[in-house]
Amino acid sequence: AQKITQTQPGMFVQEKEAVTLDCTYDTSDPSYGLFWYKQPSSGEMIFLIYQGSYDQQNATEGRYSLNFQKARKSANLVISASQLGDSAMYFCAMREVLFGNEKLTFGTGTRLTIIP
Amino acid sequence: DAMVIQNPRYQVTQFGKPVTLSCSQTLNHNVMYWYQQKSSQAPKLLFHYYDKDFNNEADTPDNFQSRRPNTSFCFLDIRSPGLGDAAMYLCATSRARESRTDTQYFGPGTRLTVL
């Protein structure tokens with residue numbers, strides 16, 4: 001069963017608009033971590049934002065915020081005031097600890113293109 | 001300033017010719033990971049080291065091996081690369097293994113081409 005689902009393979013957004021990238025997850029573990037990474041065409045995976053399952057407030061990092069809805073098992077990334085440099089692949093990931101070993105499971109990604 | 005460094009950034013090898021990819025880190029993290037990422041796919045974990053403790057994923061082919069001579073360095077050896085091994089190889093580090101909140105930091109990747 002897929003643990004991380006990103007239903008938007010690609011998105012086109014006008015520069016300066018806000019954009020929401022969807023992510024839903026599935027786990028029976030009450031303690032887990034959710035991450036968003038950005039991967040530009042150069043290939044590097046850049047950590048953007050983290051949300052812990054017990055965190056009461058939604059995480060924010062500059063223009064990035066995470067809309068965490070635990071009951072719905074969703075962790076959407078919101079980018080405010082998008083910029084051309086935001087064009088990249090975006091991966092949602094979940095970290096679980098299974099049998100003493102941690103595992104970071106990635107979704108299939110969303111390719112975001114910012115239009116001037 | 002670089003925290004996770006991968007060399008080379010681009011590697012071309014011939015079918016069947018062994019190749020070694022290198023990763024180093026300045027974060028003094030306990031855990032180092034190797035991922036394989038094929039075009040338009042999510043990264044796939046190959047194995048990881050917690051200190052010197054090696055942990056192989058069940059579906060990682062025997063063709064892939066790893067070495068970690070010290071805290072800072074980790075190597076990925078592909079003994080006999082096939083055309084299907086052409087991919088981006090990403091190294092990542094984290095401070096702890098059994099922490100759900102710990103962030104993994106990635107290097108820039110090595111893009112491997114197999115001719």
Side-chain angles (χ1 to χ4, degrees), chain A residues 2-10 23 25 27-55 59 61 64 66 68 75 88-111, chain B residues 2-6 8-11 21 23 27 29-50 53-60 86-113:
Chain A
Q2 194 162 3
K3 293 220 166 189
I4 297 282
T5 303
Q6 295 181 253
T7 56
Q8 307 150 311
C23 173
Y25 60 91
T27 181
S28 56
D29 192 342
S31 179
Y32 51 88
L34 295 160
F35 302 81
W36 276 92
Y37 287 88
K38 172 184 178 182
Q39 188 175 40
S41 56
S42 58
E44 183 176 3
M45 293 283 276
I46 302 166
F47 165 69
L48 295 178
I49 196 167
Y50 159 79
Q51 180 85 42
S53 58
Y54 293 121
D55 292 344
E61 288 285 348
Y64 304 107
L66 203 151
F68 181 48
M89 196 76 169
Y90 288 80
F91 288 96
C92 178
M94 179 171 63
R95 186 175 173 121
E96 301 173 287
V97 177
L98 301 169
F99 308 110
N101 281 317
E102 66 79 41
K103 189 148 185 152
L104 190 65
T105 303
F106 288 86
T108 51
T110 296
R111 185 171 298 281
Chain B
M3 296 184 290
V4 184
I5 303 156
Q6 289 189 245
R9 295 291 309 276
Y10 300 90
Q11 175 74 56
L21 309 182
C23 177
L27 297 163
H29 281 174
N30 292 320
V31 196
M32 295 187 78
Y33 311 81
W34 279 105
Y35 289 85
Q36 179 192 62
Q37 186 181 24
K38 295 191 176 179
S39 183
S40 302
Q41 295 183 18
K44 177 180 176 299
L45 182 65
L46 295 173
F47 26 59
H48 74 273
Y49 272 96
Y50 181 76
D53 179 25
F54 177 70
N55 297 270
N56 201 26
E57 291 298 297
D59 55 355
T60 297
M88 174 73 90
Y89 289 87
L90 295 162
C91 175
T93 74
S94 69
R95 191 165 39 86
R97 179 171 62 178
E98 292 185 10
S99 168
R100 294 161 180 85
T101 65
D102 208 31
T103 300
Q104 288 188 22
Y105 294 95
F106 285 79
T110 295
R111 196 175 294 277
L112 178 68
T113 301

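Each chain gets a letter, A, B and so on, in the order its sequence line appears, and its residues count up from 1.
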### Contact origin within Gln6(B) toward chain A - heavy atom pairs under 4.5 Å
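When you check distances to chain A, no heavy atom of Gln6(B) falls under 4.5 Å.
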Over all atoms of both residues, closest heavy-atom pair of [X] and [Y]:
X	Y	value
Gly107(B)	Glu44(A)	O-CG, 3.7 Å
Phe91(A)	Ala42(B)	CE2-CA, 3.7 Å
Met88(B)	Gly43(A)	CE-CA, 3.6 Å
Arg111(B)	Ser42(A)	NH2-O, 4.4 Å

#### Entry: Atom pair OG1 (Thr103(B)) and CD1 (Ile49(A)), whose distance is rounded to the nearest 0.5 Å
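These two atoms lie 11.0 Å from each other.
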### Query
Roughly how far apart are Met89(A) CE and Gln41(B) CD, rounded to 0.5 Å?
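The CD atom of Gln41(B) is 10.0 Å from CE of Met89(A), to the nearest 0.5 Å.
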#### Entry: Result of checking Phe47(A), Phe35(A), Tyr37(A) against Gln104(B) for side-chain contact (heavy atoms from CB on, under 4.5 Å)
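The single option meeting the side-chain contact (heavy atoms from CB on, under 4.5 Å) with Gln104(B) is Tyr37(A).
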### Message
What part of Gln51(A) gets within 4.5 angstrom of chain B, counting heavy atoms only: side chain, backbone, both, or neither?
### Response
neither
### Query
So, do Pro43(B) and Gln39(A) sit near enough that their side-chain heavy atoms are less than 4.5 Å apart?
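No; the side chains remain at least 4.5 Å from each other.
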### Query
Under a 4.5 Å cut-off applied to non-hydrogen side-chain atoms, are Leu104(A) and Tyr35(B) in contact?
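The answer is yes; the side chains approach within 4.5 Å.
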